[in-house]
Structures are given as C-alpha cells and as structure tokens.
Novice: 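Before I ask anything, here is the structure I am working with.
When reading the values below, keep in mind they use all heavy atoms of this one structure, side chains included, and skip hydrogens, waters and symmetry mates. Quick note on labels: first sequence line is chain A, next is B, and so on, each numbered from 1. Keep in mind the model is a prediction, meaning the values are calculated, not measured.
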Amino acid sequence: MVQASSDARDKRFVEDLIDQDDDFDRWYVDVVKGAELADDAPVRGCKVVRPYGYALWENMQASLDRRFKATGVQNAYFPMLIPRSMLEREADHVEGFAPEVAWVTKGGGSELEEPLAIRPTSEAIICTMYAKWVQSYRDLPLLINQWCSVLRWEDRPRAFLRTSEFLWQEGHTCHASAEEATARALQMLEVYRDFVETELAIPVVPGVKSESEKFAGAHRTYTIEAMMGGKRWALQSGTSHDLGDNFGRAFGITFLDSDGQRKHAFSTSWGLSARTIGAIVMVHGDDQGLKLPPRVAPIQVVVVPIWRKEAERDAVEPFVASVLSSLGDNVRVHVDRRDDKTPGFKFNDWELRGVPLRIEVGPRDVQNQQVVVVRRDTREKHIVGVSHLAEVVADLLNQIQRDLYETARTKLHTYTEDVSSLERLYERAFTNAGFSRASWCEDAACEARVKAESRATIRCLPLEQPQEHGLCVVCGRPASVTAIFARAY
RNA sequence: CGGGGAGUAGCGCAGCCCGGUUAGCGCGCCGCGUUCGGGACGCGGAGGUCGGAGGUUCAAAUCCUCUCUCCCCGACCA
C-alpha cells in the first residue's frame with residue numbers, strides 16, 4: 001500500500017502538477033512554467049513572458065486601453081532613463097524608491113556626469129515634461145497614459161507577482177483643481193475595478209491605503225485588493241494615486257488660472273501591471289492548472305480531432321472544417337492537429353493551459369453531425385449539433401465567465417470575517433484564513449504592531465464603510481475607520 | 001541583507017558519506033512502425049567540460065577552500 005502510493009506520487013511529479021493544497025507556491029510556479037506563460041531569464045529577478053502569456057497580456061491591454069480612451073486619455077511614450085536630479089525632486093518619492101532603483105553610470109565606455117535611473121515609475125520624467133507643456137488652465141486637464149516596463153530591484157522575485165522588470169501601464173494626469181484630481185483618481189480606480197471584475201472575473205475590494213502603505217509622494221492612494229486562492233493572501237491588483245499638488249510643486253507645474261492667479265497643478269497617477277496575470281492564475285486555477293476567463297483567454301476554444309484509421313481521418317478532417325466555419329470569426333479557436341500526441345494527452349495539456357472550452361471531434365460525431373463540447377471549469381460535457389454550435393459556444397463562454405466570477409466572489413465573502421479581537425485577527429493571519437475586517441483608530445503604531453506580530457497588514461480601508469466603527473481592534477480606543485487586514489503578496 | 005536547502009543531459013533525480021573502468025535512471029527529444037473518445041507502445045538513436053575557480057592526490061562528481069546561481073523562510077515592495 002505504502003509502495004503503491006509512493007509510486008503514484010513519483011509518476012505524478014513527472015506528468016502532473018502538485019496539488020494546490022500540498023504546496024500552493026510550487027503549484028503556482030509549475031503552472032506558470034507548464035502553461036508556458038513565462039520562463040526564467042538569465043538575469044536574476046527577470047522573467048521571459050512567453051507567447052501564450054503575452055497573448056493574454058495583449059488581450060488585457062486591449063481591453064484596458066479601450067476603457068482609458070473612453071475617459072479621454074491618450075497614449076504617449078516617455079524615456080526609460082531619468083536623470084538623478086529629476087528623480088530627487090520630490091522628497092518622499094526618492095526616499096520611497098531609492099532602495100530599488102537601478103542606475104546607469106556608464107555610456108559609450110565613459111563615466112556619465114550624472115547617473116541615470118532606469119525608471120522605477122515615471123512621475124519624475126513625466127512631470128518634468130508637463131511643467132513645459134502646461135501654461136494655462138486651458139491646457140488642462142492633461143490626460144496621458146503609457147504602456148511600458150519599469151525596473152525595481154527585487155530580492156525575492158516571483159513570476160508576474162514580483163519581478164525586477166515588469167510590464168504595466170502608468171497613467172499620469174494634471175488638473176486645475178484638487179477636486180478634479182481626486183475625482184480622476186477615483187474614476188480610474190473604478191475603471192480598474194470594472195476591468196478586473198468584468199474581464200478577469202476577479203472580485204475586488206476597492207479602498208484607500210493607510211498612510212504607511214500609500215505611494216511614495218502621494219496625497220492618497222486608492223487600491224483594488226483581490227483575494228488569491230490557496231493561502232488566501234491579498235494581492236494589490238491596481239492602484240490609483242491622488243498626488244495632490246505635491247508633484248506640481250516639486251516639478252514646477254504651474255498655470256495661469258482664469259482668475260489671473262498662477263497656481264500649481266494637481267496630478268494623479270495610476271497603474272496596473274502584468275502582476276494581475278498572477279492573480280488570474282491564483283484566483284481561478286485548480287489542481288489541473290489554469291482556468292482562463294473567456295474574455296481574455298488567448299484561445300477560447302480548442303478543437304481536438306480524433307481518429308484511428310486513415311478512413312476516419314478522411315471523414316473527420318472535413319468535419320472539423322465545417323465545425324470551424326460554423327463557429328465563425330467571433331471566437332478565438334485553435335485546432336490541435338499534433339499527430340504525435342494522443343487525445344488524452346491533449347485534453348490534459350489544454351486544461352493545464354486553461355482554455356475555457358474544448359471541442360472533441362471524432363468519427364462518432366461525424367456520424368451524428370454533432371460534437372462534444374467540454375467546459376474547462378466544470379468538466380461538464382455537452383453533445384451539440386453543428387447547426388447551433390456557434391450559439392451554444394457563445395452561451396457557454398459567457399456562462400463560464402459569469403461562473404468564474406461568482407465562484408471567486410463566493411470565496412471572497414466566505415473567507416472575509418468581521419473580527420473584534422486581536423487574538424482572532426492573529427489566529428486568522430496565522431492560519432491563512434483570508435481577509436479580516438476590523439475597526440482601527442488610524443494610529444500607525446497599532447497598524448505596525450499587527451504587522452510585526454502577525455505579518456498581516458492593512459490592505460485597505462474599503463470605500464464602503466459601515467456607519468459605526470466601534471473600538472480599535474488593537475488598542476481598544478474608539479475607532480475611526482474599518483480596515484481589511486490580510487497577509488499580502 | 002539575515003536563516004535554511006539545493007546545483008550531475010531540456011526537466012526530475014541517483015551516485016558523494018567510504019576518491020578508482022566508459023557517470024547512471026525516469027520523463028522529454030530524434031527516426032521507423034503500430035496506436036489515437038482522458039496523459040499509448042515497441043525497436044533504434046542523440047544528448048554531460050558533474051555550477052565556476054583554486055587546492056589535496058598516482059587518481060576528484062566524490063575530500064578541502066573560495067566563489068556564483070537558484071529555491072524556501074524572514075526585513076523592503078506593483
């Protein structure tokens with residue numbers, strides 16, 4: 001018996017994934033590699049995003065980009081290199097990023113007069129340019145986004161979640177009033193919430209960061225926090241900063257207002273990174289591998305043709321063609337024609353890669369003018385006649401998208417608990433129980449104590465706050481807010 | 001940057017303690033054939049400066065010193 005189970009385990013390690021419950025971190029690494037989303041690069045902390053992972057990112061980009069543009073934002077591109085003096089203009093900003101900045105000190109073989117930072121984020125260079133472009137209130141608001149990568153020296157890299165170089169977008173806006181900047185920061189947070197929930201099927205908690213967790217140099221930082229599967233840690237999945245006039249003052253972005261007064265501009269910045277791919281993996285994945293939300297899946301439907309003899313092949317091939325034409329152009333389909341792999345292998349392979357729907361087309365199906373459609377998320381099989389295949393596939397894709405979201409939402413609620421004692425808060429932190437909602441007096445000392453003693457941090461102060469706050473879960477004094485505590489990636 | 005673990009074929013490992021023929025095994029890869037509705041099988045093949053440098057020795061994957069890298073756990077972060 002013992003022998004048998006150890007054999008089974010050895011076999012599984014070769015052919016299969018480790019179960020999520022056995023080692024969630026290893027499961028994550030194996031899925032990212034196995035599904036060919038990313039691979040290790042020669043430089044520590046850097047990863048190669050492989051075509052399948054990049055296709056996913058491109059779909060995410062397209063959908064976010066559309067949303068940005070709908071709010072009047074335009075794309076542009078700013079340089080990767082930032083002179084040291086520029087980076088140092090906003091005091092909190094430098095201090096916050098100093099430990100993770102990489103510097104270029106040589107160029108063309110000779111030492112540079114002034115070291116150039118490889119952007120860890122682009123406020124410094126963009127605000128410098130904004131100072132040149134903004135003269136009048138008529139030049140505002142300025143609404144620009146850029147798609148790029150940034151570099152932050154990291155000691156503990158994890159594919160997508162924390163790499164030294166990572167892909168993202170950063171939006172930077174400039175406004176004539178504080179109110180308008182605040183409204184824009186909140187507007188973009190809502191764009192992120194809508195994108196992540198609608199496209200990625202990941203429910204989030206929108207909120208405000210505590211003082212100690214906010215962006216270096218920001219007046220306020222807004223965030224959407226998602227709960228990962230497995231250890232139920234939090235992942236910040238998008239942030240939007242109301243920078244007040246901090247950067248306007250530091251970079252001299254001034255304008256003549258309609259009242260004849262020269263004023264400093266107010267600004268915002270907001271970013272969402274390819275880290276969110278990690279969230280897709282961890283929120284939806286199961287022991288079989290990835291489950292991609294149909295709306296962003298590079299391949300929505302994979303067709304696996306099946307035959308034994310040449311005669312069957314001759315019958316199946318044309319039938320596959322008719323299946324493809326009946327599916328039409330509105331769905332992303334791939335036909336797996338590999339002839340050195342068995343159907344069973346392919347089933348597992350595409351499940352690992354998270355393709356939402358599989359269509360099996362074999363001799364029996366040709367006979368009956370039908371196909372077998374299998375859902376990745378539930379493994380439910382449907383026998384479908386070709387005549388209404390397109391309709392059924394479209395419905396199933398929508399259904400999968402909804403079900404992924406609902407399943408994740410149920411988990412988020414199930415593993416979020418209101419706690420009123422420090423003991424309970426710590427117990428939940430130590431047992432990976434999920435999010436804990438608790439009252440807080442807003443004293444940084446209380447926040448720091450929880451972090452030191454339990455590793456849990458305040459992920460956010462949810463935008464939706466209860467009427468009353470009771471007593472601070474840490475010190476017992478009257479509380480002013482309700483906070484979400486959790487361990488975070 | 002602290003604490004632990006590991007570097008041997010593309011991947012996963014054995015061999016090291018106790019130095020000694022041509023460094024093995026599984027998966028993967030290449031060729032041929034049989035297969036194909038839940039991870040197929042047979043036969044034949046290719047693939048290694050044993051992470052790197054130095055040392056000990058007649059002889060080093062194996063012993064010693066230094067070094068680099070990766071993974072896990074902590075401090076810092078999208």
Side-chain angles (χ1 to χ4, degrees), chain A residues 7 9-18 23-26 29-30 33-34 39-45 95-101 120-121 149-170 192 209 212-216 221 223-226 234-241 269-279 288-289 304-310 312-313 316 336 338-352 358-367 370-372 374 379 381 383 451-452 455 457 487-489:
Chain A
D7 282 352
R9 180 160 296 265
D10 289 346
K11 189 175 167 61
R12 199 176 64 212
F13 268 57
V14 173
E15 294 188 338
D16 232 346
L17 285 173
I18 190 165
D23 187 341
F24 190 75
D25 293 325
R26 174 160 177 186
V29 170
D30 288 351
K33 283 208 174 153
D39 199 2
D40 299 324
V43 176
R44 175 182 166 72
E95 199 190 322
F97 280 103
E100 33 187 350
V101 173
T121 178
S149 71
V150 289
L151 191 75
R152 300 179 187 178
W153 217 253
E154 291 290 350
D155 286 335
R156 284 190 59 190
R158 276 154 80 58
F160 296 116
L161 302 177
R162 188 184 299 103
T163 49
S164 289
E165 183 187 10
F166 59 90
L167 295 166
W168 79 342
Q169 59 65 219
E170 47 179 326
Y192 287 152
K209 284 291 187 187
S212 70
E213 296 276 342
K214 77 179 187 187
F215 178 75
T221 289
T223 176
I224 49 174
E225 298 285 327
L235 186 77
Q236 178 174 312
S237 307
T239 49
S240 183
H241 313 295
S269 66
W270 24 277
L272 186 145
S273 76
R275 146 183 270 197
T276 309
I277 291 175
Q288 264 61 249
V304 179
I306 299 158
W307 55 72
R308 270 178 289 253
K309 313 178 196 86
E310 279 304 310
E312 289 175 339
R313 178 180 188 150
V316 167
D336 187 350
R338 289 177 291 180
D339 58 6
D340 59 330
K341 298 283 187 287
T342 61
F345 179 91
K346 294 177 182 177
F347 297 166
N348 287 282
D349 197 35
W350 292 110
E351 281 174 8
L352 170 62
R358 173 176 79 240
I359 297 183
E360 303 174 16
V361 183
R364 287 206 297 271
D365 304 307
V366 180
Q367 203 77 43
Q370 62 175 36
V371 293
V372 179
V374 188
R379 290 191 157 193
K381 295 194 176 187
I383 309 270
K451 184 175 179 178
R455 306 277 308 121
T457 52
R487 292 199 61 168
Y489 281 98

Novice: Of the listed nucleotides (B/C77, B/G38, B/G37), which one gets closest to any side-chain atom of A/P363?
Specialist: B/G37
Novice: Nearest whole angstrom, please: distance from the C1' of B/G74 to the CZ of A/R158.
Specialist: 14 Å
Novice: When you measure from the side chain of A/R152, which nucleotide among B/G37, B/C77, B/G38 comes out closest?
Specialist: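 Of the candidates, B/C77 comes closest.
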Novice: Give none if B/C41 has no partner; otherwise give the nucleotide forming a Watson-Crick or G-U wobble pair with it, both distances under 3.5 Å.
Specialist: B/G33
Novice: What is the nucleic acid contact for A/R379, judged by heavy atoms within less than 4.0 Å: base, sugar-phosphate only, or nothing?
Specialist: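 Base: the residue A/R379, judged by heavy atoms under 4.0 Å, touches a nucleobase.
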Novice: Which nucleotide, B/G39, B/A78, B/C36, lies nearest any side-chain atom of A/D349?
Specialist: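 Nucleotide nearest to A/D349's side chain: B/G39.
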Novice: Would you check if the side chain of A/E100 reaches a backbone N or O of A/F97 as a donor-acceptor pair within less than 3.5 Å?
Specialist: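 Judged by distance alone, no pair lies under 3.5 Å.
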Novice: Tell me which nucleotide, if any, is Watson-Crick or G-U wobble paired with B/C63 when both distances must be under 3.5 Å.
Specialist: B/G55
Novice: Could you tell me whether A/R358 contacts a base, only the sugar-phosphate backbone, or nothing, with contacts defined as non-hydrogen atoms closer than 4.0 Å?
Specialist: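 If one applies the 4.0 Å heavy-atom cut-off, A/R358 turns out to touch a base.
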Novice: Could you tell me how far B/G2 sits from B/G12 if I compare only their C1' atoms? Round to whole Å.
Specialist: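 It comes out at 31 Å once rounded to the nearest Å.
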Novice: Now, which nucleotide makes the Watson-Crick or G-U wobble pair with B/U22, with each of the two distances under 3.5 Å?
Specialist: none
Novice: For the pair made of CZ in A/R308 and C1' in B/A40, what is the distance, rounded to whole Å?
Specialist: 13 Å
Novice: A/V372 pairs by side-chain contact (heavy atoms from CB on, under 4.5 Å) with which of A/I359, A/V361, A/D365?
Specialist: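 Passing option: A/D365.
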Novice: Within the 4.0 Å heavy-atom criterion, would you say A/S164 contacts the bases, only the backbone, or no part of the nucleic acid?
Specialist: nothing
Novice: Check whether any side-chain heavy atom of A/F347 sits under 4.5 Å from a side-chain heavy atom of A/E360, and report yes or no.
Specialist: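 A side-chain contact under 4.5 Å exists here.
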Novice: Report which part of the nucleic acid A/E312 touches: base, sugar-phosphate, or nothing (heavy-atom distance under 4.0 Å, all strands).
Specialist: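 No contact at all - A/E312 keeps every heavy atom at 4.0 Å or more from the nucleic acid.
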Novice: Measure CZ/A/R26 against C1'/B/A6 and give the value in whole Å, please.
Specialist: 13 Å
Novice: Any heavy-atom pair between the side chains of A/K209 and A/E225 that's under 4.5 Å?
Specialist: yes
Novice: Tell me which nucleotide among B/G39, B/C77, B/G37 gets nearest to the side chain of A/V372.
Specialist: B/G37
Novice: Is the A/Y192 ring parallel, tilted or perpendicular to the A/W270 ring (thresholds 30°, 60°)?
Specialist: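 Rings of A/Y192 and A/W270: perpendicular, over 60°.
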Novice: Please state the C1' separation for the pair B/G45 and B/C1 - nearest whole angstrom.
Specialist: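 Those two atoms are separated by 50 Å.
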Novice: If we take the C1' atom in both B/G20 and B/A61, what is their distance in whole Å?
Specialist: 13 Å
Novice: Select from A/A452 and A/D40 the residue whose nearest nucleotide in RNA chain B is closer to the 5' end of that strand.
Specialist: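 Its nearest nucleotide lies further toward 5', so the answer is A/D40.
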Novice: Choosing from B/C36, B/G37, B/A40, which nucleotide comes nearest the side chain of A/F345?
Specialist: B/A40
Novice: Of A/V374 and A/R455, whose closest RNA chain B nucleotide lies nearer the 5' terminus?
Specialist: A/V374
Novice: With sugar-phosphate meaning primed atoms plus P, OP1 and OP2, does A/L272 contact a base, only sugar-phosphate, or nothing at under 4.0 Å between heavy atoms?
Specialist: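 No contact.
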Novice: Roughly, in whole Å, what's the span from CD in A/E154 to P in B/C77?
Specialist: 10 Å
Novice: Any donor-acceptor pair under 3.5 Å joining the side chain of A/R162 to the base of B/C77?
Specialist: yes
Novice: Counting just side-chain N and O atoms, does A/K209 come under 4.0 Å of either OP1 or OP2 of B/C77?
Specialist: no
Novice: Can you tell me the distance, in whole Å, between the CG atom of A/D339 and the C1' atom of B/C30?
Specialist: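 Atom-to-atom, A/D339 to B/C30, this comes out as 14 Å.
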Novice: For A/G362, report the nucleic acid contact type (base, sugar-phosphate, nothing); a contact means any heavy atom under 4.0 Å.
Specialist: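 Result for A/G362 = base.
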Novice: I want to verify a distance call: between B/A78, B/G38, B/G74, whose nearest atom is closest to the A/F347 side chain?
Specialist: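 Looking only at side-chain atoms, A/F347 lies closest to B/G38.
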Novice: For nucleotides B/G37 and B/G28, find the distance between their C1' atoms and express it as a whole number of Å.
Specialist: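 Between the two C1' atoms, the distance is 25 Å.
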Novice: Would you kindly give the CD-to-C1' distance between A/E100 and B/C77, to the nearest whole Å?
Specialist: 5 Å
Novice: Roughly how many Å is it from CD1 in A/I306 to P in B/C36, rounded to a whole number?
Specialist: 11 Å
Novice: So does A/T342 get a side-chain nitrogen or oxygen closer than 4.0 Å to the phosphate oxygens (OP1/OP2) of B/A40?
Specialist: yes
Novice: Of the options A/I277, A/T276, A/L167, which is the one that meets A/F160 in a side-chain contact (heavy atoms from CB on, under 4.5 Å)?
Specialist: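 Answer to the side-chain contact (heavy atoms from CB on, under 4.5 Å) test with A/F160 among A/I277, A/T276, A/L167: A/I277.
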Novice: Where the side chain of A/F166 is concerned, which of B/G38, B/A78, B/C36 is the nearest nucleotide?
Specialist: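 So the nucleotide nearest the side chain must be B/A78.
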Novice: On the nucleotide B/C29, are OP1 or OP2 found under 4.0 Å from the side-chain N or O atoms that A/K341 carries?
Specialist: yes
Novice: Output yes when A/D336 and A/R338 qualify as a salt bridge under the 4.0 Å nitrogen-oxygen rule, no when they do not.
Specialist: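 Yes.
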Novice: Take the protein atom CZ of A/R338 and the nucleotide atom P of B/A40, then report the distance between them rounded to whole Å.
Specialist: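 Answer to the nearest Å: 12 Å.
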Novice: Could you tell me how far B/C77 sits from B/C66 if I compare only their C1' atoms? Round to whole Å.
Specialist: 33 Å
